[in-house]
Amino acid sequence: MTGTNPTVAPSSSNGALATSVSTSAPGGLVKSVVELDRVVIRLAGDSGDGMQLTGNRFTSETASFGNDLKTLPNFPAEIRAPTGTLPGVSSFQLQFADHDVMTPGDAPDVLVAMNPAALKANLAELPGGGLLILDSDEFTPRNLAKVGYATNPIEDGSLEGWQTVSVPLTSMTTDALKDSGLGKKEAERSKNMFTLGLLSWMYHRPTEGTIRFLERQFRRKPEIAAANIAAFRAGYNYGDTTEAFAVSYEIKPAPMKPGRYRNISGNQALALGLVAAGQRSGLPVFLGAYPITPASDILHELSRHKSFGVRTFQAEDEIAGIGAALGASFGGALGITTTSGPGVALKAETIGLAVMTELPLVIVDVQRGGPSTGLPTKTEQSDLLQAMFGRNGEAPVPVIAPRSPGDCFDAAVEAARIALTYRTPVMLLSDGYLANGAEPWAIPDADSLPDLTTAVAFATEPNGEDGEFLPYLRDEETLARAWAIPGTAGMQHRIGGLEKADRTGNISYDPANHDFMTRTRQAKIDGIAATIPPTDVEDPDGDARVAVIGWGSTYGPIGAACRRIRSSGRKVAQIHLRHINPFPADLGEVLARYDRVICPEMNLGQLALLLRAKYLVDVQSHTQVRGMPFRSAELAAVIQDAIDIAGPDTTAPDTTAPAAVDPVAVNGALQ
Amino acid sequence: MTTVELGMPDAPTPIDAAIARSLEQHGPKLTELKGKDFKTDQEVRWCPGCGDYVILNAVQSFLPSLGIAREDMVIVSGIGCSSRFPYYMNTYGMHSIHGRAPAIATGLAASRPDLSVWVVTGDGDALSIGGNHLIHALRRNVNMTILLFNNRIYGLTKGQYSPTSEVGKVTKSTPMGSLDHPFNPVSLALGADATFVGRAMDSDRKGLTDVLRQAAEHQGTSLVEIYQNCNIFNDGAFELLKDPATGPMWTIPLEHGKPLVFGPDGASCVVREDFGGLRIAETNQVDASEIVVHDATREDPSYAFALSRLSSQDLRYTPMGVFRKVRKPSYEAMMAEQLDEARLQGAGDLAELLAGGDTWEVKA
Ligand SMILES: Cc1ncc(C[n+]2csc(CCOP(=O)(O)OP(=O)(O)O)c2C)c(N)n1
Ligand code: SF4
Ligand SMILES: [Mg+2]
C-alpha cells in the first residue's frame, strides 16, 4: 500500500462540523470515531465498475440508518465507452446528514476514484484537504497514458493538497476471493463491493441490507452472490484492521417525522403516483410510451404493475405512444404518456388534439439537456416554454412540476386530478436530476390520498333539452365537458380535431363560435387556479425584501442557498411554484411584496419570461445550463449580491405598491 | 351485455358502472338494427359523385347484419376526405389527426376489448404520414378493422399525387410527372405479416360487403383496401376494372377454395412459377392441376404476397377479395392474459406497493 498520508485525520472540509472525538481499540489498533453532522461522498469509476450500484447500496444503508440524504447519479451518455477513458467515467454523489438535507451537496468531502480517469474527471471538484481514496492497482502506466497523465499522480506529489489514501482495492478483492472458484477477471468485478464494505465501515453503516440485497440479486448465481458478499465483508474488515484508516465517522440519524420510510427515486415515485392515481380514481391506467432517457424507467416500473390493471404499451414512436394513450382515455382509461423533451416535440400535434377533444391525458416530460438530442443523461429545465406553448393554435395546457424525488409521487396524483377533473391534457415536468436522484420518502397512507372518483363522472344520460347528448355542454364550475365513453347506450357522439360547436360538438367554422370556444378552453385552464393552494412562500422572518422564486428541481439548491443566507443573519424569502400553468391565484400579489425577485433556472430564463410577461415584475433571471443542479453556495452568492443591492433593511417594504420598485434604477444597478 | 375486465375484479369499474347505468335507461342492447339506424343528422359533405358515398351506403346497410350495437362500435379516422366518415355514422367516433388513427385505435382497442373498433383512412393518411403506425398495427394484430380508401390521390388537399399514384402522374405538385414508385398497399400489409388482408371496389356492393364482413369477423387487425373513385381529382382511376368491357379481363376474383380462373369464358388463370412466384397463363394452355386453388388461410404469407404482385401499376391483373386470413392471438387478448396472470397472486394492493422495498420506521 502506498499513500501520501497513511493515517487519515478527521475531516471537516466543506463546512461539515466535527463535533466530538472518541476512541476505540479493535484488535489492538487505536482507532478514533469522529462525529460529523453531514458528509458528501462521491464515488467515481469506469462505467463498468458498478459505481451506480455501489452508490445506490450505500444510499440504502444510509437511508435505513436514518440519515436524511439526497443523491446525484451522473452517468455517461455512452453505454460502453472505452474502458479507462474520460468519457467512460460514471459517478454517484450523495450527501447525508443528521438533519434534513436539500441537495446532494455542492462538492464532495470524500472522493473515491477507482481509476486515473475517474481521478482526472473529478479531482477539480474535491476541495483542498478533502479525503481522496484511490485504487492504486488501476494506476498502471497504460491507464495513466489513456487519460494523459505523464507521471503517476500517486507518486509525483501532485495530490499533496488532499488527504490521499491509495489502496490496492482490486488486488485485495482478488486476494479475498482466491478460494471462491472465480477467475481473476470475474473476482475483480467485486471490487465495488469491497469498496462499499470499506465505506460502510468508515461511516458505521448497517450492512445486513446489502447482504440481503446481494443474495436476492444473484439468487440464480449463488457463487456470484457469495463472492460479492465475501468482498463486501473483506472491505469492511479491512477498514476495521488497517492502519490506513485510523478514523471512522458517525453521523447521527436525522430527526424526521415519525412514520415508515423508504428510499425512492423520482422516476420510481412518479410511477407509483400514477398507479395510485389509477387506484384512487377507479380507472384503469394505460401508458403509451416510447423509450427515451431519462424517462424509460417510468415505463419499466409501470410495466411491473399489471396486477393493478395497469396496461403498458411500448409504441413504435412517441406519436403512437400518446395517440394510444389518448385512444385509451377516449375509452375511459387514465391515459398517460411518458417521455423527454424530444418526445414532447413529436407529441405536440396529439396534445393539441387532446386539448380540442377535451379528454384527460397526463404527459410526463422528464427533461434533459437540449436542444435536439442534446445531453441525454444530464438535467435541464429547458422544456418549460415547450410545455406551455409548443403547439399550434391557442392550446393551453396545465403545467405542474415536482420539487424533489419523493414529490414526484404527489405531483403525479395532482396531474391526474387536474386531467380528470377538467378533461384536459396535463404536462408534468420532471427532470433528469429528480428522475435519478433519490431521497428518503415518508410512505403515504394509501387511504388518505386524494379521492379522485368524483372527478370521474361518466355521462350516462342525455343532457340536452330534446333528449339528445351534448358532449360539449360544460360543468358550470369547472367548465369540463360531459364525458361519455363508448359502450354507453344512447350517447353515441363524434369528437375530433376540427373546431367544435359549443354544446353539440358538431363541426363548426363559425367565427364567433371559434372565438368563444378558444376563450372557453383558456378560461377552463385558468379556472384551475381556484383549486390549487396559494403560493408556497417560506419567509421565516416574515419581512424579507428579496425573494428567490423557483420551480421544479431547483427547490433543493435554492432552499439550501436561502438557509446559508439566513444563517449569516440576512433575510430572504423562498417562493416555490408547483403549478406553473395556471399560476396560483395570489402569485402576483406575493411577488409585489418584495423589492427584488431572483429566479434561478436551469435554462435561459423561461419562468422569468412568464413572470415578467404576466405580472410586470422586474424579475432577475439567474441561469445555468451545465447539465447539473445549481450549487447552493453559488446561488447564495447571487442572493447575497441582491440583498446588498436592495440596500440596508431599514424600512419595511411597501407591500401594496409594486411601483415602489423603480425598474430603471434596479436595472441600472444590475447591469 | 359484455362486461369489461379492467383491472379491479371485485368492484365494478366506473366504466362498467356507466355502461350498466345506460342500459338500465335503454333496456337491453339494441342489436337488431336497420341501415338507417347508423345514419346521423350531419350533412354529408363529399363532392357529388364521390366514391365515398357508395362505401358509406354499403357499410351502413351491411352493419346491421353483424349484430353489433351502435354504442359498442367506435370509428377512428385520420384526416382526408375519407376520414370524414365517422361524422356520418351513428356510433362513437373520433376524427383525429393526419395519419395517427391506427395508433389511437390501438390504445382504445387494447384497453377496451369489448368494443368493435374500426379505422377509416386514406392512401395518404395511411401510407404517407401514417405509414409507420399502419405497419406496426398490422404486425401487432390488435383487434380492429382498417378500411383504407385508396383513390390514388390526395383529395382533401386538392389533388397532389399520393403514395399509391402511378409513376409519372401529372398533378399540381408534379407538373412533369411524379417520380416516386408507388406502394401496393396489399403487398405492404402482407410484408408486415398482417393476419387479414383484402381488397374491394367501391362500386361492387356485393364484393365489398363480403370482404367487409369477413374483415369485421376476423380477430386481430384486418386491412381492407377499397378502391375509391375521386371524381374531382382522379376520376376514372379504376375504370379499367369497373368497365364491363375490360373489368373481367383484368380482375382476378379471389374465392377461398376455388381455382384462380378469370376473364371472359375463364380464358385466363393463375399458375405457379419458379422461385415461389405466380404468373398468368391461358387456361387452355395449362393442365388443370397446374392452376392455383386459392387458399387465404395459408400460414406462410408468401403465397398471398405473390398474388398481390400479379397486378401492375396500371391495374392489369388485379386480384380482388380476401388475400390472407389466418388465426393468430390478438394483442389485446394477450395483454388481458398478462394482466390476469399477474393477478393470479391477487389484485394489486396499493398500500403494499407503496411500502415495497427496504423500509424503516422513525419512531415518535
Ligand atoms: C400534419 C398534417 N399535415 C398535412 C395535412 C394536410 N392534409 C390533409 S389530408 C391530406 C392528404 C389526404 O390524402 P388521403 O389520405 O389520400 O385522403 P383523401 O382526401 O384522398 O381521402 C393532407 C396532406 C394535415 N391535415 N395535417
Ligand atoms: S375531392 Fe375527391 S375524394 Fe374528396 S370528396 Fe371530392 S371526390 Fe371525394
Ligand atoms: Mg386519397
Side-chain angles (χ1 to χ4, degrees), chain A residues 60 64 66 209 256-263 272 275-276 279 282-284 286 288 305-309 311 313 315-317 319-320 323-328 330-333 335 349-350 353 443-444 446 456 458 460-461 485-498 506-507, chain B residues 6-8 11 13-15 18-19 21-23 25-26 29 42 69-72 74 76 86-87 90-97 100 103-108 110-112 114-115 132-133 136 335 338-339 342-343 345-348 350-351 353-364:
Chain A
S60 283
S64 66
M256 293 197 207
K257 279 204 194 106
R260 188 148 272 288
Y261 283 76
R262 69 184 282 189
N263 189 45
L272 295 190
V275 175
Q279 294 289 298
L283 296 190
F286 185 97
H305 301 308
K306 294 184 170 43
S307 65
F308 289 88
R311 287 177 166 82
F313 170 64
E316 58 270 23
D317 59 25
I319 303 174
L326 185 64
F330 184 45
E349 194 191 8
T350 313
L353 177 63
I443 298 166
V456 187
F458 292 133
T460 54
E461 285 169 36
I485 52 165
T488 321
M491 307 289 276
Q492 296 92 283
H493 64 280
R494 278 66 50 194
I495 55 175
L498 285 172
N506 290 335
I507 301 172
Chain B
L6 286 158
M8 280 129 284
T13 68
I15 298 177
I19 293 172
R21 236 179 304 138
S22 74
L23 286 177
Q25 276 239 307
H26 285 258
K29 267 194 191 302
Q42 298 296 294
R70 290 175 299 189
E71 64 268 21
D72 289 341
V74 186
V76 184
Y87 290 114
N90 190 354
T91 62
Y92 283 87
M94 191 194 287
H95 177 216
S96 74
I97 45 177
R100 316 302 172 196
I104 293 169
T106 293
L108 178 63
S111 55
R112 290 287 305 274
D114 58 317
L115 299 173
N132 198 33
H133 305 309
H136 288 277
M335 196 180 223
Q338 285 197 341
L339 261 58
R343 280 189 298 237
Q345 321 294 329
L350 185 58
L353 174 71
L354 299 182
D358 293 341
T359 66
W360 67 95
E361 187 81 30
V362 172
K363 297 253 158 42

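Quick note on labels: first sequence line is chain A, next is B, and so on, each numbered from 1. Computed over heavy atoms, backbone and side chain alike; hydrogens, waters and symmetry mates excluded.
Using a 4.5 Å cut-off between heavy atoms, B:His133 touches chain A through backbone and side chain atoms alike. Heavy atoms of B:Arg70 lying under 4.5 Å from chain A belong to its backbone as well as its side chain. For B:Met335, the part lying under 4.5 angstrom from a heavy atom of chain A is the side chain only. Both the backbone and the side chain of B:Leu353 come within contact range of chain A, each with at least one heavy atom under 4.5 Å from a heavy atom of that chain. Proximity to chain A is limited to the backbone of B:Thr91, based on heavy atoms less than 4.5 angstrom apart. Residue B:Ala69 does not touch chain A at all, counting heavy-atom pairs closer than 4.5 Å. Looking at B:Ala110, both its backbone and its side chain come within 4.5 Å of chain A, counting heavy atoms on both sides.
In terms of heavy-atom pairs under 4.5 angstrom with chain B, the leader among A:Ala446, A:Gly66, A:Ala276, A:Gly323 is A:Gly323. Among B:Ser22, B:Ala342, B:Ala103, the residue with the largest count of heavy-atom pairs under 4.5 Å with chain A is B:Ser22. Of the listed residues (A:Val456, A:Thr350, A:Leu326, A:Asp317), the one with the most heavy-atom contacts under 4.5 Å to chain B is A:Asp317. Contact count against chain B (heavy-atom pairs under 4.5 Å) is highest for A:Pro486 among A:Gly332, A:Ala324, A:Gly496, A:Pro486. Interface check for chain A: of the options B:Asn90, B:Leu115, B:Val76, B:Thr106, the most heavy-atom pairs under 4.5 Å are formed by B:Asn90. When A:Asn506, A:Ile443, A:Ile507, A:Ile495 are compared by the number of non-hydrogen pairs under 4.5 Å with chain B, A:Ile495 comes out ahead. Ranked by non-hydrogen atom pairs under 4.5 Å with chain B, the options A:Gly497, A:Gly487, A:Gly490 are led by A:Gly487.
Contact annotation: the side chain of A:Thr460 never approaches that of B:Gln25 to less than 4.5 Å [non-hydrogen atoms, C-beta and beyond]. A heavy-atom distance below 4.5 Å is not found between the side chains of A:Pro258 and B:Lys363. For the pair A:Leu353 and B:Ile104, the minimum side-chain heavy-atom distance is below 4.5 Å. For the pair A:Asn263 and B:Asp358, the minimum side-chain heavy-atom distance is 4.5 Å or more.
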B:Val74 vs A:Arg494, side-chain contact (heavy atoms from CB on, under 4.5 Å): CA-CA, chis, key distance, verdict:
CA-CA 9 Å; B:Val74 186; A:Arg494 278 66 50 194; over 6 Å; no

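Across B:Ile15 and A:Gly331, no two heavy atoms sit closer than the pair CD1-O, 3.8 Å. Between A:Ala489 and B:Leu23, the shortest heavy-atom distance links the atoms CB-CD2, 4.0 Å. Listed here is the closest heavy atom pair of A:Arg262 and B:Thr359: CB-CG2, 4.0 Å. Considering every non-hydrogen atom in both A:Ile485 and B:Ala18, the closest pair reads CD1-CB, 4.4 Å.
Taken to the nearest 0.5 Å, the CZ atom of A:Arg311 stands 11.0 Å off from the CD atom of B:Gln338. Taken from CG in B:Leu350 to CD in A:Gln279, the straight-line distance is 5.5 Å, to the nearest 0.5 Å.
The environment of B:Glu361 atom CD is dense: over 12 non-hydrogen atoms of other residues, nucleotides or ligands sit within 6.0 angstrom.
Counting only distance, with no hydrogens or angles, the side chain of B:Tyr92 and the backbone of A:Thr488 share a donor-acceptor pair below 3.5 Å.
Ring orientation note: the planes of B:Trp360 and A:Tyr261 are close to parallel, at an angle under 30° on the 30°/60° scale.
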